[in-house]
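Written out below as structure tokens is the structure these notes cover.
In what follows, every chain begins at residue 1, and chains take the letters A, B, ... in the order their sequences are listed.
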There are 2 protein chains.
Amino acid sequence: MDETIRERIEWLRETLAPVEHEEIEETVTTLIEVFGRAYAIDVLRTFALSNEPWRFSDLEAELDAPPSTLSARLAEFEAAGLIDRHAYGEMPPRVEYEPTEKVRELFPAVGYLHWWASRHDLDTSDGRKA
Amino acid sequence: MDETIRERIEWLRETLAPVEHEEIEETVTTLIEVFGRAYAIDVLRTFALSNEPWRFSDLEAELDAPPSTLSARLAEFEAAGLIDRHAYGEMPPRVEYEPTEKVRELFPAVGYLHWWASRHDLDTSDGRKA
DNA sequence: CCGCATCCTACCGGATACTG
DNA sequence: CAGTATCCGGTAGGATGCGG
């Protein structure tokens, strides 16, 4: 069942130079860390479910997120090349954000997670949650 | 390209009761938060790449992780039903951990992340990393 | 409207020591 | 061996105010 995935991981291990493999591990780790931050997947999902670009205030209202946090998330995403930021020199100012192709190729994984979550429950009785 | 995933998500949105949908969102969020914690994916990957159960000290040595942190991670994983813990009443004590079927069904997503990472880079020039 | 600067609190996580 | 208890430093992130 998960043989294919294990094979794929081991294929990565064997075919890639150790340095490259390290980098991939690290990228995945960093990616998950970034997505683990406050409102990160909420932002991601918002982008995933809409073809339209989003403006700061709209995101802020939609997610009910503090501006400082949202600002940090958007900056990180942009720095990681996951979203594009378009600023228009207007008055009042207008800035729009939209997902890059790079992050769009990540959506299937998120979709898989949703599918998984619909089949299984995460018992969070112990832990803290949102 | 990602149409299938968007359709799947929207299918989830439409067919599920709002409450269920909320729960799924929350589960995914919590899951990513848990995986974003220290040594979490390292533990996960260690399990993914081995069919054998792991003992506490072996994991500790393998990952070079502080016992308190590793202990927390394992407890969270077990509470979430992602790993099974088997304690044997021996002397000296022996405890073994192994992934559940539930978490094995999560591995493909991690594998997809690896594939993604092998194609794209995450620009972390701005951010902090490990 | 966009979003940074600041302040403050909570909490995570590393190190270390210790027990059944 | 398998953890727990304790202390402590770094930091994420919520709230708020202000500037461009």
Side-chain angles (χ1 to χ4, degrees), chain A residues 26 29-44 46-47 52-80 83-98 124 126-130, chain B residues 26 29-44 46-47 52-80 83-98 124 126-130:
Chain A
E26 197 177 306
T29 304
T30 307
L31 183 71
I32 294 182
E33 280 175 1
V34 169
F35 283 178
R37 298 225 204 304
Y39 296 94
I41 35 133
D42 304 273
V43 170
L44 192 68
T46 305
F47 282 131
E52 307 302 319
W54 282 79
R55 303 182 59 170
F56 190 90
S57 298
D58 292 335
L59 276 174
E60 190 180 1
E62 169 84 9
L63 303 176
D64 190 33
S68 52
T69 302
L70 182 57
S71 178
R73 226 66 333 137
L74 291 173
E76 289 160 10
F77 280 1
E78 196 201 0
I83 59 174
D84 283 331
R85 180 180 187 277
H86 303 286
Y88 302 86
E90 300 176 358
M91 199 59 189
R94 180 165 60 101
V95 180
E96 295 184 339
Y97 299 90
E98 62 180 352
T124 52
D126 141 289
R128 74 304 279 152
K129 50 171 65 176
Chain B
E26 196 177 308
T29 304
T30 308
L31 183 72
I32 294 182
E33 279 176 1
V34 169
F35 282 179
R37 297 218 203 314
Y39 295 96
I41 35 134
D42 304 273
V43 170
L44 192 69
T46 305
F47 282 132
E52 306 302 319
W54 282 79
R55 305 182 57 170
F56 190 91
S57 297
D58 292 334
L59 276 175
E60 192 181 359
E62 171 83 10
L63 303 176
D64 191 31
S68 51
T69 302
L70 182 58
S71 178
R73 227 65 331 139
L74 291 173
E76 288 159 10
F77 280 2
E78 196 201 0
I83 58 173
D84 283 330
R85 180 182 185 276
H86 302 286
Y88 302 87
E90 301 176 356
M91 199 57 189
R94 180 164 62 100
V95 179
E96 293 184 342
Y97 298 90
E98 62 181 352
T124 53
D126 142 289
R128 72 305 276 152
K129 49 169 65 176

So which atom in [X] and which in [Y] form the shortest heavy-atom distance, rounded to 0.1 Å?
X	Y	value
B:Val34	B:Ala40	O-CB, 3.4 Å
B:Leu74	B:Ile83	O-CD1, 3.5 Å
B:Tyr97	B:Phe47	O-CE2, 3.4 Å

Atom [atom1] of [X] to atom [atom2] of [N]: distance rounded to whole Å?
X	N	atom1	atom2	result
A:Glu76	C:dG3	CD	P	15 Å
B:Ile83	D:dA2	CD1	C1'	14 Å
A:His86	C:dG3	NE2	C1'	18 Å
B:Glu33	C:dG13	CD	P	11 Å
A:Leu74	C:dG3	CG	C1'	10 Å
B:Glu96	D:dA2	CD	P	9 Å
A:Trp54	C:dG3	CH2	P	15 Å
A:Glu90	C:dC1	CD	P	13 Å

Does OP1 or OP2 of [N] have a side-chain N or O of [X] closer than 4.0 Å?
X	N	answer
B:Ser57	D:dA2	yes
B:Tyr39	C:dC12	no
B:Arg94	D:dG3	no
B:Arg55	D:dG3	no
B:Arg73	C:dG13	yes

So which nucleotide from D:dA2, D:dG13, C:dG3 ends up closest to the side chain of A:Thr69?
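So the side chain of A:Thr69 is nearest to D:dG13.
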Looking at the side chain of B:Ala38, which of C:dG13, D:dG13, D:dA2 is the nearest nucleotide?
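For the B:Ala38 side chain, the nearest candidate turns out to be C:dG13.
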When all nucleic acid strands are considered with a 4.0 Å heavy-atom cut-off, which category describes B:Tyr88: base, sugar-phosphate, or nothing?
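B:Tyr88: no heavy atom of the nucleic acid under 4.0 Å.
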Set of salt bridge (charged side-chain N to carboxylate O under 4.0 Å, His left out) partners for [X], sequence neighbours left out:
X	result
A:Arg55	none
A:Glu52	none
A:Glu98	none

Under the rule of Watson-Crick or G-U wobble with both distances under 3.5 Å, where | means paired to another strand and [ ] a crossing pair, DNA chain C maps to |.||||||||||||||||||
What do the steps show when you test A:Phe35 against A:Leu44 for side chain to side chain contact (heavy atoms under 4.5 Å, CB included), and what is the final call?
CA-CA 9 Å; A:Phe35 283 178; A:Leu44 192 68; 3.9 Å; yes
Given the ring of A:Tyr39, does A:Arg73 sit roughly above its face, with NZ or CZ under 6.0 Å from the centre of the six-membered ring and within 45° of the axis?
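So A:Arg73 doesn't make the cation-pi contact.
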Evaluation steps, side chain to side chain contact (heavy atoms under 4.5 Å, CB included), between A:Tyr88 and A:Val95
CA-CA 6 Å; A:Tyr88 302 86; A:Val95 180; over 6 Å; no
Output a table of donor-acceptor pairs, distance under 3.5 Å, between side-chain atoms of residues 56-68 of chain B and any protein atom two or more places apart or on a different chain; print 'none' if there are none.
none

Indicate for each nucleotide in nucleotides 15-20 of chain D, in 5' to 3' sequence, whether protein heavy atoms under 4.0 Å reach the base (B), only the sugar-phosphate (S), or nothing (-).
BB---B
